[in-house]
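Written out below as structure tokens is the structure these notes cover.
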Amino acid sequence: MKKIITLIISLAFLISNGQCPAPSNIALLDNVELSWTENGTATAWEVAVIPNFSVGDALPTFGIITSTTTFYITDLPQSTDCYAYFVRSICSPTNVSPWAATGSSVCSVVAYNYLITLSNDNFISNSNNNRLQIVPNPTKNVIQIKNNAEIEKITIFDSFGKEVLTQIQNINEIDVENLSEGIYLMEIQIENEKVYKKFIKE
């Protein structure tokens, strides 16, 4: 039976704007067939593969252009190394979407979290992402989470994808005073969804 590796996250790192949404529902079937869903009106996409992917590797700056939402991966050796697969929509010659990505089944949790941390707030949209706000941002000590729904859990990752803080109580406010200065990603479990927000610790 085909194994489907589901979407990790959308990466907003290169040229993009709201008129060119990133693709979603990226899946890799049997390590050879990459497919995705177009969320706008693009009729061309760019695909890039990074072999031996690990934390700290650069994101792609270009890829192979295809006119279908299915791309067959060829000439890759069978190995236990992590492969990262990137897709972005081409809306015009000067307007492309953020990268969206998935990885091979052997990629570590750290690699997945690193990909998540590199993104800003351009994740696949869900019902809570736009309604939820974190303030202040940047912050020196405390972050307040403003949202009407019940928050179940908060997890914070550093810029290397390492989990540095988890909180399941008092979850409308979280103390980050002991964190080092830098950029962090907050994963918020809410109403059976995960919402991601980036913040800066001063």
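Considering OG1 of Thr68 and CD of Glu38, their distance stands at 12.0 Å, rounded to 0.5 Å. Here the OG1 atom belonging to Thr37 is positioned 9.0 Å from the CD1 atom belonging to Ile26, to the nearest 0.5 angstrom. Remark: Glu152 CD to Ile190 CD1 distance equals 8.0 Å, nearest 0.5 Å. Here the CG atom belonging to Leu179 is positioned 6.0 Å from the CG atom belonging to Leu165, to the nearest 0.5 angstrom. Summarising the geometry, atom CD1 belonging to Ile50 is positioned 10.5 Å from atom CG belonging to Asn52; distances are rounded to the nearest 0.5 Å. The CZ atom of Phe71 lies 13.0 Å from the CH2 atom of Trp45; values are rounded to the nearest 0.5 Å.
Between Ser180 and Lys201, the shortest heavy-atom distance links the atoms O-CG, 3.4 Å. Between Met186 and Ile145, the closest heavy-atom pair is SD-CD1, 4.0 Å. Pairing each heavy atom of Ile90 with each of Ala42, the nearest pair is O-CB, 3.6 Å. The nearest pair of heavy atoms linking Pro23 to Ser97 is CD-OG, 3.7 Å. Of all the heavy atoms in Ala48 and Phe62, the pair that sits closest is CB-O, 3.6 Å. Across every non-hydrogen atom of Ala22 and Asn39, the tightest pair is O-ND2, 2.9 Å.
A donor-acceptor distance shorter than 3.5 angstrom exists from the side chain of Gln167 to the backbone of Glu173, with no hydrogens or angles considered. A donor-acceptor pair under 3.5 Å is absent between the side-chain atoms of Ser89 and the main chain of Cys91, judged by distance alone. Put simply, the side chain of Asn137 gets close to the backbone of Ile200: a donor and an acceptor are under 3.5 Å apart.
The number of heavy-atom neighbours closer than 6.0 Å to CD of Glu202, taken from other residues, nucleotides and ligands shown, is above 12.
Taking the six-membered ring where tryptophan is involved, the planes of Tyr184 and Phe199 are essentially parallel, since the angle between them stays under 30° and well short of 60°.
Residues Val164 and Val142 fall into different hydrophobic clusters, defined by Ile, Leu, Val, Met, Phe, Trp and Tyr side chains chained together at heavy-atom separations under 4.5 Å. Taken together through direct or relayed side-chain contacts under 4.5 Å among Ile, Leu, Val, Met, Phe, Trp and Tyr, Val135 and Ile151 form parts of separate hydrophobic clusters. Note: the hydrophobic cluster containing Trp36 also contains Ile64 (ILVMFWY, side chain heavy atoms under 4.5 Å, direct or indirect links).
When the options Val87, Thr66, Thr69, Thr70 are evaluated for a side chain to side chain contact (heavy atoms under 4.5 Å, CB included) with Leu34, the one that passes is Val87.
The list of salt bridge (charged side-chain N to carboxylate O under 4.0 Å, His left out) pairs with a residue in residues 92-105, not counting sequence neighbours, is empty.
By the 4.5 Å heavy-atom criterion applied to side chains, Glu46 and Phe86 are not counted as neighbours.
Neither side chain, Thr155 nor Glu163, offers a donor N or O lying under 3.5 Å from an acceptor on the other.
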